[in-house]
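Side-chain atoms are counted along with the backbone in the values below, which use heavy atoms only and exclude waters and symmetry mates.
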Amino acid sequence: MARSSWLYLALVAAVVFRGEAQLFGNKNDVHVYVLGFMNISMDKPAMKGFQQIMISSWEDAVARIQIPFIGIDDYVSLSASNGRTHMRMIRDDLVTAKGEGPRKKGVRITGTRALNIQAVKAKSATGDGFLALPITKNAKEFFIMSATPTPQEHSTFLIAALFADTCIEAYTVRGSSYRKIRGLISLQEFDIYQMESDTDDLTGVFINASKPVAVFGGHECLEEPSHTRFCDHSVAQMPPISDWGTKFVIPPIEGRSRKAGYSVRVLSSAENNDVSVSSTNQRRTLNRGHFLFANVTDAHSTTTVTCSRPCMVAEYGRSWKYVKNDIQTDAFMTLIPPIDRYIKRATFGTAKFYDKVYHQDFDFQKNYVTIVARNCPLNEVVLDGQVVSGDWRQVDSVTSMMNVPIDRGFHSLAMSGSNSGSIMGFAYGHAIQVPSAYGYPLGFKLNGEPVRPEWQEFIPNDPSPNPERNTTIKKCQINTDTTRAPDLIYLLTIDLKNKVDQSCASKYRRVLDDRFDKLKDYINILMCNKVICPGLSGTGVKLLTRKWVNDGVYITGIDIDVTMTTSIDDRIGDMYVCRRSVLQAVGGAPTWQLPQPIDDCPILDFNAVYPRSGAGGVAGGQMRWDNCH
């Protein structure tokens with residue numbers, strides 16, 4: 001059984017055997033992220049690569065990764081043993097949008113706590129990535145930040161749905177004038193919708209959604225500036241308009257020629273918005289949906305942007321050949337959080353790229369993090385557990401900045417004290433071996449309340465309505481009647497780490513029997529409410545029984561018989577499909593692992609769970625659901 005199975009069962013056990021109400025612990029800690037990947041390689045077979053997803057957490061957590069299109073539903077532990085980090089490489093042709101229209105290629109990641117997630121287009125010479133933002137209840141209105149298209153490379157945006165029956169509209173906006181360009185588009189769970197244009201810059205397109213969604217803006221392959229070799233994928237996840245701000249600090253881009261400079265775009269959410277850019281001395285009044293473009297000539301300089309009303313800001317690294325004899329790097333796009341969206345701490349990873357010639361992935365050779373600290377003592381800024389020392393650059397009276405080279409891999413950034421200040425980090429890198437680059441912020445503090453979908457909120461004894469779908473958690477009961485149909489029995493064996501004598505086994509028996517009954521009932525609640533086996537109905541666990549395995553003297557393990565039954569005609573096929581999820585729910589829950597020993601007996605603990613051969617049939621009953629329709 002996969003390691004993720006143990007995680008799943010540990011979660012179930014925490015609910016059933018520690019008295020917690022939620023499958024994922026405290027529901028107020030749950031954060032949901034929906035990722036979508038814009039096209040760059042689907043129409044170009046020679047450019048296929050991977051999508052790199054880096055997941056990390058400051059505290060112990062569990063992440064659920066769901067990609068139904070390719071059959072992935074994994075539970076990943078983020079704990080001290082793995083540095084609270086996980087990286088997943090997925091072939092991009094399996095999850096990347098192709099052309100326009102809905103595709104069921106969304107990726108959903110759910111954390112028992114807030115996660116830090118960065119996603120990178122991991123392909124040689126076509127990099128860049130984005131910081132994934134948790135979905136909030138405010139995530140219904142967005143503007144797109146993109147770039148100028150060329151005849152072969154599209155200005156692009158992508159929408160990823162969290163909920164079924166989500167309606168989407170897209171408008172071009174010029175002040176008070178709106179023109180619908182797409183809609184009504186109906187999206188279901190895990191759907192993504194991509195729009196491309198090789199004639200229009202999609203910056204300033206307004207997205208209106210009936211339910212919370214994730215929105216991504218960027219460019220299929222950006223030349224910055226246009227017609228400058230080479231192009232590179234660019235992407236950022238768009239924050240909801242309600243999370244925009246008015247003051248921004250734009251970091252320098254170290255590691256390449258300072259003559260390369262960089263570009264800045266400032267997009268306005270409102271009319272009569274007075275915008276100023278420090279390094280170019282630009283001042284302009286923007287209306288809703290309009291943007292200002294700034295050309296910063298020194299790549300190693302810092303820029304500040306001030307708006308009188310909320311704005312969104314992005315920084316664009318320049319294409320490789322913009323400056324002669326520069327290192328091998330390329331264009332990239334970085335979302336710039338406003339200063340009031342800064343954070344206290346973050347974890348993050350550096351990017352990789354996959355090379356089809358060598359059939360392996362490589363790390364970017366030059367990686368940096370630019371740290372911005374506001375209203376906090378600089379000796380309290382800690383990178384990878386060490387106080388950041390060096391020459392801080394003063395941006396204003398309360399803001400300082402430092403650029404730090406970092407090694408490839410995962411890192412952490414935090415304030416060590418309890419100061420009321422805040423920090424921000426920007427990770428970026430240059431591939432060196434090939435013309436490619438990436439960049440993203442390390443955090444973005446959102447205002448909205450995190451969305452927690454229905455499947456997160458199965459509370460066995462709480463029938464309160466779900467706020468998002470207005471449904472009630474079903475209390476499921478099983479009635480069994482004698483029928484001619486046999487039940488299926490699946491068998492698991494648990495090896496104990498410590499041998500237990502017969503006397504201790506007798507003392508544990510009553511406690512274990514009680515816990516097995518609770519586990520069976522809870523698994524059936526999960527099945528009835530379609531947390532597991534969501535496509536099936538009328539199928540459940542009828543009975544869990546266990547018996548000791550002994551070597552003649554000591555108890556060495558436990559055999560568990562899982563009796564499943566169904567009320568539908570195609571019951572064998574139904575239960576076969578459902579079997580894996582049920583076995584994970586039974587085989588991973590340490591129902592036999594007691595938090596405290598009884599008397600002088602050792603704690604029951606296990607090494608592994610093994611399915612035993614075969615699935616037999618016995619005369620039994622047929623199950624009928626009373627309250628699950």
Quiz item: Does the pair R288 and E271 meet the rule for a salt bridge (Lys or Arg N to Asp or Glu O under 4.0 Å), with working shown?
Solution: CA-CA 5 Å; R288 182 174 170 85; E271 301 289 283; over 6 Å; no

Practice problem: Mind running salt bridge (Lys or Arg N to Asp or Glu O under 4.0 Å) on R88 and D74 for me, showing each step along the way? | Solution: CA-CA 11 Å; R88 184 69 61 99; D74 293 342; 3.2 Å; yes

Exercise. Please report the C-alpha distance between D243 and R341 in whole Å, then the side-chain angles of each, then the deciding distance to 0.1 Å, and finally whether the salt bridge (Lys or Arg N to Asp or Glu O under 4.0 Å) criterion is met.
Key: CA-CA 8 Å; D243 288 297; R341 298 290 176 265; 3.8 Å; yes

Quiz prompt | Audit row: S422, R374, side chain to side chain donor-acceptor pair (under 3.5 Å) steps and yes/no | solution = CA-CA 5 Å; S422 58; R374 284 184 55 81; 5.2 Å; no

Quiz prompt | Test side chain to side chain contact (heavy atoms under 4.5 Å, CB included) applied to V76 and I65, step by step | solution = CA-CA 8 Å; V76 177; I65 305 172; 3.9 Å; yes

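Comment: R64 engages D73 in a salt bridge, judged by a side-chain N to carboxylate O separation of less than 4.0 angstrom. For the pair K211 and E189, the salt-bridge criterion is not met [side-chain N within less than 4.0 Å of a carboxylate O]. The pair D274-R283 does not meet the salt-bridge criterion, since no charged nitrogen lies less than 4.0 angstrom from a carboxylate oxygen.
Under a 3.5 Å cut-off, the side chain of Y33 and the backbone N or O of L115 do form a donor-acceptor pair. With T350 contributing its side chain and G409 its backbone, the two residues share a donor-acceptor pair below 3.5 Å. Here the side chain of T166 pairs a donor or acceptor atom with the backbone of F163 at under 3.5 angstrom. At distances below 3.5 Å, at least one donor-acceptor pair connects side-chain atoms of S234 with backbone N or O atoms of H219.
Taking the centre and axis of the six-membered ring of F190, the NZ or CZ atom of R108 falls inside the cone set by 45° and 6.0 Å. Cation-pi check for R284 over F293 is not met; the charged atom does not lie both under 6.0 angstrom from the ring centroid and within 45 degrees of its normal.
With sequence neighbours excluded, the residues forming a side-chain hydrogen bond (donor to acceptor under 3.5 Å, both in side chains) with T303 are Y262, S279, listed by chain and number.
Under the salt bridge (charged side-chain N to carboxylate O under 4.0 Å, His left out) test applied with D191, the options K104, K105, R103 reduce to a single match, K104. Under the side chain to side chain donor-acceptor pair (under 3.5 Å) test applied with Y428, the options T334, N367, N403 reduce to a single match, N403. Residue R182 is tested with E169, E100, E196 for a salt bridge (charged side-chain N to carboxylate O under 4.0 Å, His left out); the sole match is E100.
Separating the OG atom in S77 from the CG atom in N82 is a distance of 5.5 Å, to the nearest 0.5 Å.
For the residue pair T347 / N116, a side-chain donor-acceptor distance below 3.5 Å is found, with atom types taken as modelled. A donor-acceptor contact closer than 3.5 angstrom is absent between the side chains of H154 and D198. A donor and an acceptor atom, one from each side chain of S57 and R113, are nowhere located under 3.5 Å apart. Between the side chains of R265 and T203, at least one donor N or O lies within less than 3.5 Å of an accepting N or O.
Taking the six-membered ring where the residue is Trp, the centroids of F143 and F206 are separated by under 6.0 Å.
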